[in-house]
Structures are given as C-alpha cells and as structure tokens.
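Just so you know, these numbers use all the heavy atoms, side chains as well, and skip hydrogens, waters and symmetry mates. Letters A, B, ... mirror the listed sequences (proteins, then strands); counts begin at 1.
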Amino acid sequence: MELSKNFQHQQAENQWYNHWEKKGYFKSTPDEREPYTIVMPPPNVTGILHMGHALNNTVQDILIRRAKMMGYNTCWVPGTDHASIATEAKVVGMLRERGIDKKTLSRDEFLGYAWEWKEKYGGIILEQLRKLGCALDWDRTAFTLDEDYYASVIRVFVDLYNKGLIFRGVKMINWDPKAKTALSDEEVNHKQMNSKLTYVKYRIDSDKEEYITIATVRPETILGDTAVCVHPEDERYAHLKGKYCIIPIANRRVPIIFDDYIDKEFGTGALKVTPAHDINDYNLGIKHNLEVIDTIAEDGTMSDAAGPYAGMDRFAVRKKIVEDLKELGLVVKEEDYTNQVGFSERTDVVIEPRLSMQWWCKMGDLAKPAIDAVADGDIDFHPAKFKNLYRHWMENIKDWCVSRQLWWGQRIPAWYDAEGTIYVAKTAAEAHEQYKAKKPALAAEKPEMRQEEDVLDTWFSSWLWPMEVFDWNKTPDNKDLAYYYPTNTLVTAPEIIFFWVARMIMAGYEFKGQLPFKEVYFTGIVRDKQGRKMSKSLGNSPDLLKMIDDYGADVVRFSVMICSPAGNDVLFDEAGLDQGRNFCNKMWNAMKLVKGWEARVADGVEDSQVSFALDWMDARLAEVSGEVAELMKDFKLSEGLKTVYSLIWNDFCSWYLEWVKPAMDAPVSAHVYERTISVFEQLLQLLHPFMPFVTEEIYHILRTRAEGDDLINKQLPAYSAPTAETLKQGTMLQEVISAVRDTRNKSQLKPKEEIELWIDTQHRAFYERTIDILRKQVNAMQVGFTTEGKHGSLSIVVNTDKLYMIMPNATAVDSGAQKEEMQKEIEYLKGFLLSVEKKLNNEKFMANAKPEVVASERKKHQDALNKIKALEESLG
RNA sequence: GGAAGCAUAGCUCAGCUGGUUCAGAGCAUCUGCCUUACAAGCAGAGGGUCCGCGGUUCGAACCCGUGUGCUUCCA
C-alpha cells in the first residue's frame, strides 16, 4: 500500500464515523453489563456548534469511549432543547423577512411556522456533533417539545399545582421588552454601565417655596413616583415629617415617608419611590401602602399613565424629561455614575423591573433533598468548589417564575371560566369536569373556558431531561429507565448550575424519587487567549466547522482538551491546532516506519540487542496506563491527554523506536516486529478516546483486521505491575545517552563523527545489557569498559559512573570548559552535603522526622558523597 | 455591599499527607543538524526571590495571619 506523506483527515474521519455508525457501535440496549450513561445537555435547537459545545461534547465523548473500552454498556443520549425565547425570536425574525407580522397570526398559525422552522434548521447542531466524532446513540434523539415530553411537562405542572407548590401572583419580575416576556433572575446578566445620576428637586407642598432634591439614574420613572423617602434619623429632613411634595410634570401630590432602608450617604439621602418599576421601591410601597403607577408598557415605551410622554421609548424619555426638567429649572446637577444594569440573556436589551401577574413555583421544599444529596456526596461535583456555590444558592432559593409570555413551548394547562376561576388540569376536558364539580349549579350550561396564553419556562421542561429521555412519563416501568437511570455523569458548564443542574436534581427526587446522576463534571468556560469570554459580539470565537475542515476533528479535540485544565477556564489558543496536527503526523510517520519493517521481517534474526528496549517499553506502558487511569478517574482529562501524548512522542517515538530501529536494510526479527505493533496498538487505544479517528485509521493500517476488529471496541487490558528495576534502568540509559550527546554538542562534534566511549562503573551488568543501544544512540564506533581514566578524553560523570569520551578525528580537545563545569558541580554538591549533614546532626530533626525521611536523608548523604568522589576522580 | 477562588519559567498550567521523584511539564526561546519515519522533524541547552510581609515548625511553594493584585458568583 502506498502511504501518504502525512495523515489525511478528511476522508478518514467521514469513513470511520460512517463505519462505526453502520456497525451499530453507538447503540445501546440494556444487557447484563453495567451501564455507563450520559445524557447530553441538549443544545438549543437554534444552535450552531461553537467552542463551548466542542469542549463539552468532546469531554463527554472521551468519557463514553473510555468507559466502553473498560467494559461498560455505554449510552450517550443526544437531543435538543426547544429554547422558547431564542427560537421564538428566530421564527419572528424569519417571518419578518418574509413580510409577516407575528401580531397578524393566530397561535396555531405561528406554531405551524415555528415547527416548519424547527424541521428545517433544528437538526443542524446534531449533524455538527457527528463531525466532531461523538459516539451518540442517535436512535434515542430527544426533543423537549416532543409530544410525549410535552405531556410529561404538563403532568409535572399539574402535580406541583395540586401539591400547592404552584401559584399565580403579581410580583415584580424582570421584563424583557424586546421578547415581551418575563424572565427568571437567572436569565438576567448584570453589566457595569456608565450612567448619569441626575439630581432633581421636587417642590414641597407648603406655603413657602422649598424643595427636596432626589437623585436618580432613571429619570423617566419620575412619572411613576408615588412617594419620596428619607431616613428617619436624617436631621436634614426631620422638618418634613407629615409633609407632601409635588412630582414635577405629573404634578402629583405624594407623601414624604421615613424608612431606615434609606442610605443617608447616597445621593442626597432622599429617594424617589416608584413601586411599579423597582423591586426595592415596590417593597417600600407595600410597607407604606403606596399607590402603584405603571408608566412603562410591555414593549418598553411609556404607557398612557406617563401623560405627555405616552408612546415614546423609555430611553428617549430619559433624555427628554431631563431637558424638560431643566427648562423648569428643577435639575440641580448631573453626575457621572457607574452602576449595574440588568440585561436579558436572550435578547440583550435592558431589563425593566415590572409588576406582573405570573405563575410561580415554590422551591423551598423541593430544594431540601437536593441540598442533602450534594452535601452528603450522593452526587459528586467536580471540581468540588462548586459544592459551596450550590449550597449557598439552594439555601437562599426563591420562588421560580415559570410563565413566559410566548407561544413556543408547553402551554400552561390552566383554564379560566367566565368568572375568572382557575382550573389546572392536564386537558380541557378534565378542567371542564372540575368546573362541573365546583359549580354544579352552572353545570348544565356549556362553560366558557379560556386556556392560559402563557407557556412554561424552557427550564421547566429541561429539568426532566435525564428521566424523560428514557420515557418516564408514558412508561414509568420501562426497561431502559430502570437500567440507565440514574445516569452516571453530567458534563456541563458552571454557568447553568442553577438554571439546570440544581433543578434536575430537584426534579429527580421530587418526581422519580431518585437522583438524576451520580456525578457532575463542570467544564471551564472557553475564553480566548487574552482571557475574554468567547462571544459573537466580540467576534473572538473561531469558526469551529472551518477548523474541523482544515485540521480534522481529532486535532480540534486535541487543541481544546490540551488547554482545559481541570476546574479552570479554557484559554483557547490556536497554537494548539498546530501541536495537534503535528502529533497526528508524528504517529502517522511512526506507523510508516514500523510498516516499512513488515517486508523485512525474518525468522532467526538475533534480537537480544533490543530485548531491553522491549521490556522497558512494556514497563512504561503499564506504568503510564495506571497514571492515566488515575487522572481520568479524577476528571483530569487534560493531564491524561498530556500524559498519553508524552508517552507516544517521547517514550515510544523518541526512545523506543530509535532503540529498536534496525540498521538500514537490515532484517527485523519477527518477535520485535510483533511486539512493536502490539505496543503501538495499545498506545493508540489509550489515545483513542481523545482522538478517535486517527487512532482507528492507524490501527487498521498496522494490521489487516478481521471484520468487527475495530479499535473503538477494543477492551483495555489489565496490566501487570511494571518492574521498577527496568524502569530505573531505562531512565539511567536515557541519562547516559543525553549526557554523552550533550558533551558531543558542546565539543561541536558533527552528528556523523564517531566517538569511542570507555566506562568506569560499578553497574557493569546494566551497561552490558544496554551497550548496543548506547553505542547506536551516541554514534560510537566502540564502547568498552575501563577502570582507569583514558588519556586524551573528555570525562563525563553520570550518577556515579565515569565515562571517557574519545574523539578520534577531533584535532584538539578543549577540556577546560568541561572541567570548570565539573568543578562547579562539585561545589554545589558540597553545599548540598552540608545542608544534609546539618539536618542529620540536628537532634530535633532526628527526633521528629519520620523514619523514612531520615533514611532518605541518609541516602542523599551517601549519594552525594559518591558523586563527589566520582567527579573528583574524573578530574584526576 | 456579601461570598468564593486564584497568584509557581516569556505563556498556559502540574506540584498528593510539609521533608530531593521539589522547584517540574507542554508551548515559546536559543544552539547544532536536510541523520536512511517525520524540518509539521531530530539532538541539546538556557530560563523561576514559588506575589510582598510576618508567624508556626527541626524543616514551608505547601499550614496560619496580613497586605497587594486578578477572576468569578450573588445583591
């Protein structure tokens, strides 16, 4: 077979993904094995693959593929989230482009368009996950707005309502004037803004001309003011007790109230109170029984209550009213001021606090078992630091606003009769039954029942995800649910710990009576090299699909994972792409080298020379496999990848292959060839979860494989404990080789120039075992043993062995620098020796230190002495 | 305003129960090599007051206190 110069990802990746899928390797059905289950955090159905998805899904794929190799029956469930606000906004936008105004459509017509949009674009992100290599069980693909899922959400709502945990009420909510819907607190992002603090004086209603000055960053809300509030102990305003003042422009007479909520230091110490448009003012209003005047309409324009400004945009009014107040001479001054302003997570417009009738879910009781589950370790968080954050939030949990003024989503199953009585039921028919039972006198008439227009918050459906993907609602006793639930690992971003993770835990206990997953792994947030969060607006988010096209999915996965320290944010650096690409080529070329031996394999070739290399490589493989297993268990995936990378590049390619590499055109022993292929396979296997395509490809080129012999399915072997002696000798051999090469370099020897090497050592057996490797690796024509120095040589000391290097072709040997260096080393060692001796002579140390520490200090002492001796002898 | 986390090489980070596996890895840098798998490579090297200060200890990158700087979450 003709092998290309480098690894070609395009064809290989497509081919292998199709092969795996066709073979049904991604599919899972319950069997006698232990399951390992992950439910994918469903991306928004509107989504396209970005770095966050790439990280999150690569992590999951690594866990799934590794678990599969460890013998688990793995099941990874894909799906999408209907994402009510985001999707509805997209559909509205699409309609606008087609010249259709949402307002002219009925609910059903709109939903028709929405489903059409979903069918057309909704699967894009799932297709993109295939490109990434994700081993997802596609037959299980779920969607949070599917018919069965819908029914489940409705059931849960009715259930909570009947338990008294859902209620309807007017509260101050976060209003998104663009999407025209309520948002939960979690959907609001606070940003620091440069605002203007405007000082406005309100006239006191008295005979004298006197004023009270307030400061505000939102002057447009002045029209909704229904009081001015000052601190009861503020002497400046003590004389105003029982007085009233006049709201300018509105010319409304409002009371001056006293409350110790006021911060005397802020502004003028006098606060304008607008119960309709600020949560704190609202609370004050309740306390002091104030009137509520709503001056801002649902679209962010001023309402009729705003008098002359009715219909104008809130921000336009903010400017205009200040101008008008200035004309009236009521503006005292304006100051620059930075404050926190809430923005809608979905539409990025400024949130308007607004009073509104919404549906709420009481969370306190639901939270209790969920708090305990994490505190008691029934659910593990990685990294553990998120446990605190979780507990803190859960213990201060507030009622959840679950209604949204949208159409795309589960419509709240509540019906109102003509008198406004509420009936919550799964269906209209059931609501009708309730009506008949409740109002028997009217039962004969056909009641006019009107269903609630609002839909439920998207998270009110996705909190059921781990149960509902296994069809909990419709067939609660089904085999899959019993087998796969609770799932094993949830992999998600810390940003949605409250939105989603906490609520899934609550839902799991409340409805299924069981935790939804056993552990949660929080990935970092993907940032750019400068540490900025990747975002569309900054334009610092690389085009993932282009990257996959250019470099291949393996390389993209590599580059994301290599810079994903456990528990920290990911500073994505495109340099990782080159590193990953180079790594693929390294393996590809190693494969070409080994493949090239195939035709030269012969029986009876003497291979004793390389038996050490084989033993050492086996030992390293066993050792590092153990390290990787530990790292993976602790979710140190990045470390795990680095470890495998280094094992392949350094141990296997740089050392092992060079050690066993036959001379040009020399035959290769069948034994060496076989074991080299075998080691290569095991290395590929360790790497496969991280880089599935290139490993599968090379695996298949290394040998002709039987049908079904694919790397993805290969079970990890149990390694016997590596021989410590072999490992130690390997390290020693490397040290000797490096030391000689260093000396060669410093003597400016050309790589082709041969040397003679004479060794004065106590470890003769070790050198005899490795002497052929050593000769080859330092390009020596001869390596021999001696018990005395060699004239005309450079001496090298490695550990306590003395090596003498002779360069036959070098005209003059300048050993001055060499000697100086050795002298320096002696100095250093003597200092070191002193510090060790000080310890050993310290009675307190000898009394308090652990015996093994004392022993190790003694050994250090002896080693240092030996080394100094060797160096001194070497110097002559 | 409340809370948490972080600070180690130019960059990104490891560093367990305090003790030479303790100052380490990768990338970047420098030097020499087109050596018969790979120049997208090979070989070798240099580089750090472990943020400052104080304490505990025979012994501190690690524990405690404090200061400074940064990040995140909540209000």
When rounded to whole Å, the NZ to P distance for the pair A:K385 and B:A3 reads 19 Å

Using whole Å, what does the distance between atom P of nucleotide B:U12 and atom CD of A:Q579 come to? 15 Å

Taking atom P in both B:A45 and B:U8, what distance in whole Å separates the two? 26 Å

P gap between B:G46 and B:U72, integer Å: 39 Å

Provide, to the nearest angstrom, the distance between the NZ atom belonging to A:K839 and the P atom belonging to B:G59. 11 Å

What integer distance in Å separates A:N396:CG from B:G1:P? 20 Å

Protein-to-nucleotide contact annotation, 5' to 3' order, nucleotides 31-41 of chain B [B base; S sugar-phosphate only; - none; under 4.0 Å, heavy atom]: --S--BBBSBS

When we call it a touch if two heavy atoms are under 4.0 Å apart, what does A:K776 touch: a base, just sugar-phosphate, or nothing? nothing

In whole Å, measure the gap between the C1' atoms of B:A7 and B:C13 for me. 12 Å

Hydrogens and angles aside, do A:N779 and A:E753 bring a side-chain donor and acceptor to less than 3.5 Å of each other? no

Mapping A:N848 and A:I737 onto RNA chain B by nearest heavy atom, which one lands closer to the 5' end? A:I737

Distance only, no hydrogens: is a donor on one side chain within 3.5 Å (strictly under) of an acceptor on the other, for A:S646 and A:N650? yes

B:U29 and B:G67: how far apart are their P atoms, nearest whole angstrom? 42 Å

Decide if the gap between the ring center of A:W597 and the ring center of A:Y673 is smaller than 6.0 angstrom. no

The answer to which of A:Q734 and A:Y645 contacts RNA chain B further toward the 5' end, by nearest nucleotide, is A:Y645

Measuring from A:H861:NE2 to A:D863:CG, what's the distance to the nearest 0.5 Å? 10.5 Å

Taking the side chain from A:N396 and the backbone from A:H392, do they hold a donor-acceptor pair closer than 3.5 Å? yes

Nearest heavy-atom contact between A:M587 and A:F680 is O-CZ, 3.7 Å

Whole-Å gap separating C1' (B:A45) and CD1 (A:I796): 15 Å

Could you tell me the separation between the CE atom of A:M561 and the C1' atom of B:C13, rounded to a whole number of Å? 14 Å

Nearest-angstrom distance, P atom, B:A60 to B:G55: 12 Å

I want to check a possible cation-pi pair here: A:R503 against A:W400, using under 6.0 Å from ring centre and within 45° of the ring axis as the test. yes

Using a heavy-atom cut-off of under 4.0 Å over every strand shown, decide if A:S738 touches base, sugar-phosphate, or nothing. sugar-phosphate

Using the P atom on both, measure B:G10 against B:G48 and round to a whole Å. 8 Å

Side-chain donor or acceptor of A:H9 paired with backbone N/O of A:F693 under 3.5 Å: no

With ring pair (Phe, Tyr, Trp, His ring centres under 6.0 Å) as the test, pick out the partner of A:W616 among A:W659, A:F652, A:W655. A:W659

Taking pairs as Watson-Crick (N1-N3 plus N6-O4 or O6-N4) or G-U wobble (N1-O2 and O6-N3), each distance under 3.5 Å, the stems of three or more consecutive pairs with RNA chain B are B:1-7 with B:68-74, B:10-13 with B:24-27, B:29-33 with B:41-45, B:51-55 with B:63-67

Rounded to whole Å, CZ of A:F386 lies from C1' of B:C73 at a distance of 10 Å

Would you please say whether a donor-acceptor pair under 3.5 Å links the side chains of A:Y521 and A:T492? no

Taking B:G24 as the reference, what is the distance to B:G15 when you measure between their P atoms (whole Å, please)? 16 Å

Interatomic distance where CZ belongs to A:F558 and C1' belongs to B:C27 [whole Å]: 10 Å

Taking atom P in both B:C27 and B:A43, what distance in whole Å separates the two? 12 Å

